[in-house]
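Everything numeric here is computed off the predicted structure, so don't read it as measured data. Lettering of chains follows the sequences in order, A, B, ..., and the numbering in each one begins at 1.
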Protein chains: 2
Amino acid sequence: MTIDQVAAAVGVNRSSVSRAFSRPEMLSPETVARIREAAEKLGYTPNHSARALSTGRHGNLALVVPDVANPFFPPMIRSVQNEADHQDYCVFLGNSDEDPRQEEKLLGRFSGQVEGIVLASPRLSDERIRAFAEVKPLVLINRDVAGIPRVLIDSGSGVAEAVAYLAQQGHRRIAYVSGPSSSWSNKQRRAAVKKTAAELDLDVITMAAQVPSYEAGQRAVSFVLEGGATAAVAFDDLTAQGMLAEFRERGVRVPRDVAVVGCDDVVGATTYPALTTVSNRAGEAGQIATRLLLDIMTTRAVHDVRYVLETHLVVRETTAPAAANRRQG
Amino acid sequence: MTIDQVAAAVGVNRSSVSRAFSRPEMLSPETVARIREAAEKLGYTPNHSARALSTGRHGNLALVVPDVANPFFPPMIRSVQNEADHQDYCVFLGNSDEDPRQEEKLLGRFSGQVEGIVLASPRLSDERIRAFAEVKPLVLINRDVAGIPRVLIDSGSGVAEAVAYLAQQGHRRIAYVSGPSSSWSNKQRRAAVKKTAAELDLDVITMAAQVPSYEAGQRAVSFVLEGGATAAVAFDDLTAQGMLAEFRERGVRVPRDVAVVGCDDVVGATTYPALTTVSNRAGEAGQIATRLLLDIMTTRAVHDVRYVLETHLVVRETTAPAAANRRQG
DNA sequence: GCTTGACATGCAACCGGTTGCATGAAAACG
DNA sequence: CGTTTTCATGCAACCGGTTGCATGTCAAGC
């Protein structure tokens with residue numbers, strides 16, 4: 001069902017049918033009604049490709065993430081979708097599998113049929129990112145490239161709060177259980193732990209970098225106990241969850257014997273005890289990035305935005321005063 | 001950079017440039033090389049819309065799910081993407097928010113620019129689904145509509161195993177905490193509970209349908225306790241997790257006082273106590289559905305496929321013999 | 001040596017919309 | 001009542017590819 005068939009049915013020119021949908025104010029209300037009615041009856045839908053071809057507008061966005069299945073991203077995906085939906089945009093989702101080449105491939109495939117791109121935690125080099133940003137409006141999440149609009153989640157601020165909170169509760173020696181050494185977030189978090197601890201005159205022991213997982217958390221427990229720490233800050237919630245399980249396994253009570261803090265707040269209050277952690281704000285980041293993108297797309301003006309989302313400590317039940325520990329000794 | 005500019009640069013007709021990419025065997029190898037070289041140098045990329053307009057092929061698929069953030073779906077999304085990627089397709093992702101109208105809207109938006117659709121756990125009516133399936137190749141996941149290719153995760157088999165296991169452990173009265181009434185999975189699970197219970201001569205109480213969530217699980221606890229059930233089967237893991245928390249809150253011990261079984265195995269062994277649940281196979285379902293779709297798209301033949309993936313009970317620590325309950329009475 | 005065929009390339013229509021400009025009729029103006 | 005303005009609609013070019021058919025060339029076949 002094409003525009004010409006509708007035009008023929010109504011007895012008007014194709015341009016009138018086109019305008020009945022895209023510029024109804026140009027036509028008499030009566031004609032608009034007649035055309036729309038006929039279109040409705042005939043089941044006419046404007047052809048997306050034809051429209052995109054002549055207008056250059058596709059009505060699509062692309063979102064590329066390293067790993068859909070990582071619980072950090074789904075809330076972000078959701079809010080990007082939601083925001084795009086409000087403006088009638090469709091969203092392509094790409095999963096780069098943490099691989100820069102796959103990321104490049106996806107961006108190439110998408111760029112021909114989208115107005116803008118949200119690129120989350122990219123693995124690509126700065127140069128390549130810049131190259132894509134020159135061709136299409138592009139907003140970064142969790143990557144700091146000067147000149148390209150970016151939304152950064154500063155987990156350091158929340159981790160610093162966590163350390164300060166632990167200090168205030170009387171903990172003098174805390175452990176940081178690292179994530180992957182190549183991770184920007186890990187660097188950020190570890191630095192925040194060390195800096196805050198130094199300021200507050202606390203001892204810090206740091207466990208070697210590892211791929212974050214439930215099992216990694218379990219393995220970290222020995223390190224914490226043997227290191228004599230009374231509190232542990234884990235790279236992420238999954239690691240913290242593994243630690244919780246292993247502490248329980250060994251009869252070490254949390255938070256009475258040892259305090260545990262996670263990071264990213266992806267498990268909510270669903271652990272037992274409910275995990276004290278650092279908020280993630282991934283959903284907000286997605287929302288802000290998308291709004292930024294839509295704004296750039298409409299105004300065509302690229303401002304050098306660097307939007308930083310601070311994170312905060314979310315106190316639940318895996319932290320308690322260190323004083324309690326002394327009872328056991 | 002258009003095809004004409006490349007043609008002019010090389011001194012050939014636009015059709016030769018077109019063929020250099022889509023039908024190189026029609027041209028002399030030398031011409032193909034010359035054209036490709038020039039195109040490369042000029043940075044020419046075929047215009048996606050123009051190609052789609054004249055060929056009717058977009059190279060896109062759509063995947064619509066009720067809730068991206070529901071941990072059941074990310075593995076499925078991931079495998080659909082992966083499978084699509086192998087055949088150079090881009091994937092639109094839609095989030096229906098469990099709302100049939102939103103689902104309809106998304107399908108309408110997508111259908112103009114995709115070759116096929118994977119529709120997971122749709123909330124739409126059979127008629128609407130059929131209507132869309134008539135227009136575009138469409139494969140369903142977790143919805144059983146005759147005549148439309150579908151991949152079904154038979155959680156019924158696993159749930160039946162669960163009920164049999166509970167019966168074997170001495171439970172005589174069990175509760176089923178429902179999911180959304182429009183959900184095919186919910187119907188299936190509830191039916192499996194009722195059927196197996198009837199066969200084994202158990203009592204069943206069923207809690208009214210609801211949107212599955214942690215909070216819904218918390219609210220379900222009163223129903224279970226007041227209903228006098230000694231075991232509960234929840235619609236999904238998230239609901240079960242909420243129940244676990246609320247039971248703990250009320251001083252009801254799991255599994256000693258009451259047994260809890262989840263469904264979908266999305267939280268693994270990370271709850272406390274580790275949740276007994278039913279395996280999900282969502283990733284496999286996504287992969288199979290996408291292969292089926294791609295197959296239909298290429299062969300243009302719609303076979304009435306009904307692919308069933310059986311599930312199984314995964315016993316962990318939230319189930320125990322009912323005999324333990326008597327001690328408290 | 002002339003015909004036939006194979007093969008490489010060009011021509012032009014087509015996909016289905018959008019849009020600047022032209023046209024014609026009715027309304028407003030003097 | 002004639003002229004100008006306004007407004008609704010039509011015309012035709014254009015977006016950038018694809019593709020059936022026509023054309024021209026050169027080699028093989030008789």
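Within the 4.0 angstrom heavy-atom criterion, base atoms lie near B/Arg14. Looking at heavy-atom distances under 4.0 Å, A/Ser18 makes contact with a base. Across all strands, B/Val17 comes closer than 4.0 Å to no nucleic acid atom at all (heavy-atom distances).
Nucleotides of DNA chain D lying under 4.0 Å from heavy atoms of chain B occupy a range whose first and last members, 5' to 3', are D/dG16 to D/dG20.
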Problem set entry | salt bridge (Lys or Arg N to Asp or Glu O under 4.0 Å) between A/Lys105 and A/Asp99, worked out | CA-CA 10 Å; A/Lys105 191 169 115 187; A/Asp99 176 6; over 6 Å; no
For this session: Verify side chain to side chain donor-acceptor pair (under 3.5 Å) between B/Ser28 and B/Thr31, making sure each step is shown before the conclusion.
Result: CA-CA 5 Å; B/Ser28 76; B/Thr31 315; 2.6 Å; yes
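Mapped onto DNA chain D by nearest heavy atom, B/Thr55 and A/Ser15 fall at different nucleotides, with A/Ser15 at the one closer to the 5' end. Residues A/Ser16 and A/Ser54 both approach DNA chain D. Their nearest nucleotides, taken by heavy-atom distance, put A/Ser16 toward the 5′ side. The residue among B/Val32 and A/Ile3 whose nearest nucleotide of DNA chain C lies closer to the 5′ end is B/Val32.
Near DNA chain C, defined here as any heavy-atom distance below 4.0 Å, the residues from residues 40-53 of chain B are B/Leu53, listed numerically.
For residues 74-102 of chain B, the set of pairs meeting the ring-ring contact (aromatic ring centres under 6.0 Å, His included) definition, not counting sequence neighbours, comprises A/Phe92-B/Phe92, B/Phe92-B/Phe110.
Under the 4.5 Å side-chain criterion, counting only non-hydrogen atoms from C-beta, B/Leu124 is in contact with B/Leu107. Under the 4.5 Å side-chain criterion, counting only non-hydrogen atoms from C-beta, A/Glu104 is in contact with A/Arg128.
Between the side chain of A/Glu115 and the main chain of A/His58, a donor-acceptor pair closer than 3.5 Å is present.
Of the side-chain N and O atoms in B/Thr31, one or more sit less than 4.0 angstrom from OP1 or OP2 of C/dT9.
Looking at B/Arg123 and B/Glu98, a side-chain N of the basic residue comes within less than 4.0 Å of a carboxylate O on the acidic one, giving a salt bridge. Taking 4.0 Å as the cut-off between side-chain N and carboxylate O, A/Glu284 and A/Arg281 count as a salt-bridged pair.
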